[in-house]
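It should be emphasised that the depicted structure is a prediction, and the values quoted were computed from it without experimental measurement. All heavy atoms count here, side chains included; hydrogens, waters and symmetry mates do not.
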Amino acid sequence: MSISTDNHANKADDNDALQRQRETFIASLSHDLKNPTIAQIRAIELILKGKFGKVEPEQREIMEMLLDSCKYMNAMLGSVLATYRNEKGTIVLKTEEVSIVDLTEECVDEMIYLANDKGIKVTFNNSTDNEFVWGDKVQLRRVIMNLLSNSIKYAYQNTNLKIYVYNENKYTCFRFENKSPYLTPDRQEKIFAKYISYSKTNNGTGLGLYASKKIVEAHGGKIFVKSYEDERNIFGFKIPNDDSMKSKKLSVTF
C-alpha cells in the first residue's frame, strides 16, 4: 500500500516539475521575443520619421500598420510574461473605455491583405448607438484578431466576409459571417474548449478560441457560434456597455 502511495506522489511531483518547466520555457521565450519586437518598433519609427529617406504615402500606410502590429505583439508578450509571473496564471485586466468599432477597424486594416490574397471581400457594418465597453483594450483586440484570423483562414476563396458591430439591449456586440465548412452541433458545442481546433485537421493549437472565450467572459460577456448546413458560419461576442463593469476589478485565468 505504501508503495502505491509513493508512486502516486512521485507521479504528482513529476507532473508539477513538468508544468514548471513548461511555464519557464514559455516565460523565457516570451521574454526573448520582446527584444526583437522592440527593435522592430524602433526601426519602423525611424523609417516613418524619414531617417532613411522619403516615405511615400502608400509605403507610410503599410509601415504604420506594421508599427501598430508590432506594438500589439509587444503588449501581448508583456501580458504573457505577467501571466507566468502569477502562480495561478491570472492576468489582472487594465480596464478603460474601449471602442469596439475602433478595435474592429484596426484589426480589419491589419488582416485585409490576407483577405485580399484569398479574394475575400470584406464589408464592415456599424449600427451602434453605443460602441463603447469597459475593458482591457489589448485583450479585447486579441479576441477580435482571433475571430477575424479564423474567419479569413477557414473561409472559402472568393467569398464575402461580413462584419457587424451593433447593440443588443445593454450589450455592444461583434460578429462576423462567412462561407466556410459546416460545423456540426457537436463541434459547435466544443469549439471553445481548450485544445479544440477550428480545423478538422487539428493543425492549430486550439487555444485561440479558448482564450477568446475566457477573455469575453471575464468582461461579463458571452461568446457564440452558429453554423448552418448551407455553410454559412457566424462567430461573435457581446459585452455589457453600461457602467456595471466600470467599478469591478477584472481578471482572467487561463
> For A155 and N178, which heavy atoms make the closest approach, and how far apart are they?
Replying inline: CB-ND2, 3.7 Å
>> Looking at every non-hydrogen atom in both residues, tell me the closest pair between A218 and S251 and how far apart they are.
In response: CB-O, 3.4 Å
>> side-chain contact (heavy atoms from CB on, under 4.5 Å) for N150 and L209? Distances and angles first, verdict last.
In response: CA-CA 9 Å; N150 279 339; L209 292 178; 3.5 Å; yes
>> According to side chain to side chain donor-acceptor pair (under 3.5 Å), who are the partners of D242, at least two apart in sequence or on a separate chain?
In response: S244
Do [X] and [Y] touch side chain to side chain, with heavy atoms closer than 4.5 Å?
X: I120; Y: I152; value: yes
X: I223; Y: S212; value: yes
X: R142; Y: Q139; value: yes
X: I41; Y: K71; value: yes
X: T128; Y: V165; value: yes
X: I44; Y: C70; value: yes
X: N126; Y: Y166; value: no

> Going through the distances and angles, do R141 and E110 end up as a side-chain contact (heavy atoms from CB on, under 4.5 Å)?
Replying inline: CA-CA 12 Å; R141 190 176 192 275; E110 188 168 331; 2.8 Å; yes
Atom pair [atom1] ([X]) and [atom2] ([Y]), whose distance is rounded to the nearest 0.5 Å:
X: E61; Y: E56; atom1: CD; atom2: CD; value: 13.5 Å
X: E64; Y: I47; atom1: CD; atom2: CD1; value: 12.5 Å
X: M111; Y: L114; atom1: CE; atom2: CG; value: 4.5 Å
X: S69; Y: D109; atom1: OG; atom2: CG; value: 12.0 Å
X: C107; Y: I112; atom1: SG; atom2: CD1; value: 12.0 Å

Okay, side chain of [X], backbone of [Y]: is any donor-acceptor separation there less than 3.5 Å?
X: N130; Y: N241; value: yes
X: E231; Y: K179; value: no
X: D243; Y: K246; value: no

Same apolar cluster: [X] and [Y], side chain cutoff 4.5 Å:
X: Y171; Y: F224; result: no
X: F237; Y: L250; result: yes
X: L148; Y: V225; result: yes
X: V122; Y: Y156; result: no
X: Y164; Y: V108; result: no

> Is the cationic atom of R232 (NZ for Lys, CZ for Arg) positioned less than 6.0 Å from the six-membered ring centroid of Y182 and within 45 degrees of its normal?
Replying inline: no
> K213: what forms a salt bridge (charged side-chain N to carboxylate O under 4.0 Å, His left out) with it, not counting sequence neighbours?
Replying inline: E217
> Would you call the rings of F192 and F235 parallel, tilted or perpendicular if under 30° counts as parallel and over 60° as perpendicular?
Replying inline: perpendicular
Show me the side-chain donor-acceptor pairs of residues 92-106 shorter than 3.5 Å, one per line, residues at least two apart or across chains.
from, atom 1, to, atom 2, distance (Å)
T95, OG1, W134, NE1, 3.3
S99, OG, V101, N, 3.3
S99, OG, D102, N, 3.0
S99, OG, E131, OE2, 2.4
T104, OG1, I100, O, 2.7

> Does the pair T123 and L161 meet the rule for a side-chain contact (heavy atoms from CB on, under 4.5 Å), with working shown?
Replying inline: CA-CA 6 Å; T123 57; L161 170 60; over 6 Å; no
>> Would T172 and K238 count as a side-chain contact (heavy atoms from CB on, under 4.5 Å) here? Give the steps.
In response: CA-CA 6 Å; T172 293; K238 58 182 183 179; over 6 Å; no
>> Side chains of S227 and N233 only: does a donor on one sit below 3.5 Å from an acceptor on the other?
In response: yes
>> Would you say that more than 12 heavy atoms from the other residues, nucleotides or ligands in this model lie under 6.0 Å from the CE of M63, or not?
In response: yes
> Should we count CD of E45 as having more than 12 external heavy atoms under 6.0 Å?
Replying inline: yes
>> With side-chain contact (heavy atoms from CB on, under 4.5 Å) as the test, pick out the partner of H219 among I239, V252, V143.
In response: I239
